[in-house]
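Inspection log for the structure reproduced underneath, given as structure tokens.
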Amino acid sequence: PAPAPRRTSSRSGGTVSGASNATTYQSIATSLGTVNVTPLTSLLVANLAGTATPNTWFTNLTPAQLTAITSTQVGTSLTNLRTALKLTALNAIDPITLPFNPAPGVAMDDILSALGTAMASNPALSYANLLASSGASAGAAITPPAGLDAALTAVYVAAPASACLE
């Protein structure tokens, strides 16, 4: 039998580019091992659940609903996220399970840094707007806010080793 999905703790705290982080993130895993909790995993969870408020979804999630989640569903949401963000580097990693150190030059950290910079560059690209577009419909293709792909690609291509998330 396939392993049951596991809910991770929602997490806020730490710093992002030297500023305190008050945002809560979520993640989900279908096997034991490394489970990252980042903005990327929260966007994936929003798509999986079909909600712009994954923290509320997790709070109300029953054990039966949790065990009904399949690795195929998680994989579909990961594919949707990769397609929406249009970063080739994201196609080569699993943002849920890839162990990484937050440092410039580490692909996962560079992607997170680029995402943070892109979100800060335009109010329309806010984290709340990204959650809303990711969670518009459970498991469906994500239509990101206009300009996200250009902002994200420009930052990642121009300076993939810029300020890191800690």
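A donor-acceptor pair is defined here as one N or O able to donate and one able to accept, closer than 3.5 Å; such a pair exists between the side chain of N129 and the backbone of A124. Checked by atom type and distance alone, the side chain of T53 never pairs as donor or acceptor with a backbone atom of N55 at under 3.5 Å. Judged purely by atom type and a 3.5 angstrom limit, S121 uses its side chain to pair as donor or acceptor with the backbone of A118.
The line from CD1 of I96 to CG of L98 is 11.5 Å long, rounded to the nearest 0.5 Å. The distance from atom CG of L130 to atom CG of L125, rounded to the nearest 0.5 Å, is 6.5 Å. The structure places CG of L78 at 9.0 Å from OG1 of T83, a figure rounded to the nearest 0.5 Å. The distance from atom CG of L87 to atom OG1 of T153, rounded to the nearest 0.5 Å, is 5.0 Å.
Applying the salt bridge (Lys or Arg N to Asp or Glu O under 4.0 Å) definition to pairs two or more places apart or across chains, none involves residues 97-108. Pairs of residues two or more places apart, or lying in two chains, that qualify as side-chain hydrogen bond (donor to acceptor under 3.5 Å, both in side chains) and include a residue from residues 90-102 are D94-T97. Judged as a salt bridge (Lys or Arg N to Asp or Glu O under 4.0 Å), not a single pair has a partner in residues 47-69 (not counting sequence neighbours). Residues in residues 143-155 take part in these salt bridge (Lys or Arg N to Asp or Glu O under 4.0 Å) pairs, two or more places apart or across chains: K86-D149.
What you find for A52 and A132 is that their closest heavy atoms are CB-CA, 3.6 Å. Between S133 and P145 the shortest heavy-atom distance is OG-CD, 3.6 Å. The nearest pair of heavy atoms linking A140 to N47 is O-ND2, 2.8 Å. Contact record, G139 with T76: O-CG2, 3.7 Å, taken as the closest heavy-atom pair. Among all heavy-atom pairs drawn from D109 and P104, the shortest one is OD2-N, 3.9 Å. Considering all non-hydrogen atoms of both residues, T34 and P99 come closest at OG1-CG, 3.8 Å.
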What side-chain donor-acceptor pairs closer than 3.5 Å can you find for residues 38-45, not counting sequence neighbours?
unit_1	atom_1	unit_2	atom_2	d
T38	OG1	L40	N	3.2
T38	OG1	T41	N	3.3
T41	OG1	Q26	O	2.7
T41	OG1	T38	N	2.8
T41	OG1	T38	O	2.9
S42	OG	Q26	N	2.6
S42	OG	Q26	O	3.4
S42	OG	Q26	OE1	3.1
S42	OG	Y127	OH	3.3

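Inter-residue side-chain proximity for F100 and L112 is flagged as met; some heavy-atom pair is nearer than 4.5 Å. Within the 4.5 Å cutoff, the side chain of I69 has heavy atoms near those of the I28 side chain. Two residues are said to be in side-chain contact when any heavy atoms from C-beta on lie closer than 4.5 Å; I111 and L85 fail this criterion.
Residues passing the side chain to side chain contact (heavy atoms under 4.5 Å, CB included) test with T143, sequence neighbours excluded: none.
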